[in-house]
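Encoded as structure tokens, the structure appears first; notes follow it.
Only a predicted model underlies this, so the values are computations on that prediction, with no experimental measurement involved. FYI, the numbering just counts along the sequence from 1. Counting convention: from 1, in listed order, for ligands and their atoms alike.
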Amino acid sequence: MTPPRKKTPEELRSHRWYGVKDLRAFGHRSRTAQMGFHRDDYAGKPVIAIINTWSDINSCHTHFKQRVEEVKRGIWQAGGFPVEMPAMSLAEPFQKPTTMLFRNLLAMETEELLRSYPADGCVLMGGCDKTTPALIMGAVSMDLPTIFMPAGPMLRGDYKGGFLGSGSDTWKYWAELRAGNIGEQDWRDVEDGIARSPGHCMTMGTASTMTSAAEVLGLTLPGAASIPAPDSRHAQMASLTGRRIVDMVWEDLKPSDILTAKSFDNAVTAVLALGGSTNAIVHLIAMARRAGIALDLARFDALARETPVLANLRPSGKYLMEDFFYAGGLRALLTRLPGLLDLGQTTVSGRTLGENIEGAQVFDDDVIRTRENALLQSGGLAVLTGNLAPQGAVIKPAAMEQRLRKHTGPAVVFKDYADMAARIDSPDLAVTADSVIVLQSAGPQGAPGMPEWGQLPIPQKLLKEGVRDMVRISDARMSGTSYGACVLHVTPESHVGGPLALVRDGDLVTLDVDARRIDMQVDDAELARRRIAWQAPPEKFSRGYGVLYLKHVGQADTGCDFDFLEPESKTASSGEPE
Ligand code: FES
Ligand code: MG
């Protein structure tokens, strides 16, 4: 049954552009005619903005050129008027220094496109890592009816009769190459086989984590996040998404009706059960704050203590997103979390999360585990605090060598990325397998942009001895496809004088995952002396967007959003245009 219309055509936002009798509306109509549309094509219909992050340089979104046509087909069928609005594409493999520097810029672009043009509702087309949170953050701030169309994962990588996983196997075979275990031709075969179709990374990296989170939040149609990009069902999902947004406009179903503290708890729980990316912590906190919902690191840790890791997906497990889809996908996984989700939450389908997953089945118990046979009974992610990270740090215990859960070793400190790149493979580096590698100046302001440098490389001489994991600490993030005992997002970051800036070579550092602690064994008096001697590094930008970024970006524990984009800073001047 279709819910009743809550709006008349005259109440549509776009009516102010198209419907009124004045000179400006004449201009809008005559220019729409210039584009080949008859008045009947749009008059009285919801105008649906399709914010498309397609780009020639975004390998994960190549199919969006076609998919957008399928979205438009659905919009036309349902009686809407589709308007494609290309937005900055954040292409994870190509954009320097890191796409994270630009997440908030895409969020701003999304919000301002929706505000400044005659949009009644929007379809967000994203998937590659930061595009998902960016698009959603912008749309949440604007709060028009919004539906998200995920890019979908690419097919499994193919190599010598086996599978390759995005990112994870890059790091793995790069280590083997550096250790001398594989040759140049093998490495070339990995290069040719690891990304062989459209779609985002097909490990449980940031992309799969965030599109799954968007689905659990209720922002996609049921099942949308798990369909591989080249599958014909993905094209069908695109057209269904287009159809649905038109009804959402008439129903006036907005993000503020969908996003609640409970829907965010659901998303966090799902991310944990998926063995999802640590990046989800930063993004979900930022997204929640845009919706005026207080989500913090402590909530992640609390939910992690009760949520089992059920998805056997790389980098924590064995399989890839294509296998996950065939095994039943996200809907099936959610049926295995009884009591851990609030199934009464509203979604864009107009039905509850519980109704959306009704009838979903698991077809492969090794890919989507039962609770009894979970990959981990709890602790997919853990939040640490201590004198090294007073406002928190995170680690992914699911994807590390378990012998390192409690470890003390002497610090080997690199003052920035260039210092690390210059010395890490030096035969003279004083490092053993017990050392703790520390990287400074890699945070939101320090790097800047908090790049995915957190999986610090294992020194070459240790690789040759067979060492594959060590305790590593930084204020950077880590790619969701990475693994290792990497303590990330150390807050406050070293660039602003956080204690990470004060660590010196040889200081004993203790990681204790079970106690949720990260500490250096240096007494307070000595730390105070070091603090007095510490000098802030120079700012990295003196003009352009970078200056805006450095002035306004927050720390990792609050999601790295810009201060002026938080809801309390909404003012009349960011309201509806005249
Ligand atoms: Fe686009 Fe990984 S590179 S999702
Ligand atoms: Mg990534």
Query raised in the report: Any N/O/S atom, backbone or side chain, of H200 lying under 2.8 Å from atom 2 (Fe) of ligand 1?
Result: no
Exactly one of E452, M100, M478, M450 clears side-chain contact (heavy atoms from CB on, under 4.5 Å) with N279, and that residue is E452
- Does K540 use its side chain to pair, donor to acceptor, with the backbone of G446 at less than 3.5 Å? yes
Within 4.0 Å of some non-hydrogen atom of C128, the atoms of ligand 1 are 1 (Fe), 3 (S), 4 (S)
**Asked** Hey, is there an N, O or S on C60 sitting under 2.8 Å from atom 1 (Fe) of ligand 1?
**Response** yes
* Could you label the plane-to-plane angle of the H63 and H234 rings as parallel, tilted or perpendicular, counting under 30° as parallel and over 60° as perpendicular? => tilted
Ligand 1 atoms nearer than 4.0 angstrom to some heavy atom of P93 are 3 (S)
NZ/NE/NH1/NH2 to OD/OE distance under 4.0 Å, R188 and D192 = yes
ask   = Got an N, O or S from H61 under 2.8 Å of atom 1 (Fe) of ligand 1?
value = no
State plainly whether the residues E401 and R468 are in salt-bridge range, i.e. N to O under 4.0 Å. no
Near A207 (heavy-atom distance under 4.0 Å), the atoms of ligand 1 are 4 (S)
Notebook entry, point to check: Does A304 offer a backbone N or O that forms a donor-acceptor pair with the side chain of T307 under 3.5 Å?
Noted result: no
The atoms of ligand 1 lying under 4.0 Å from a heavy atom of D129, numbered in the order shown, are 2 (Fe), 4 (S)
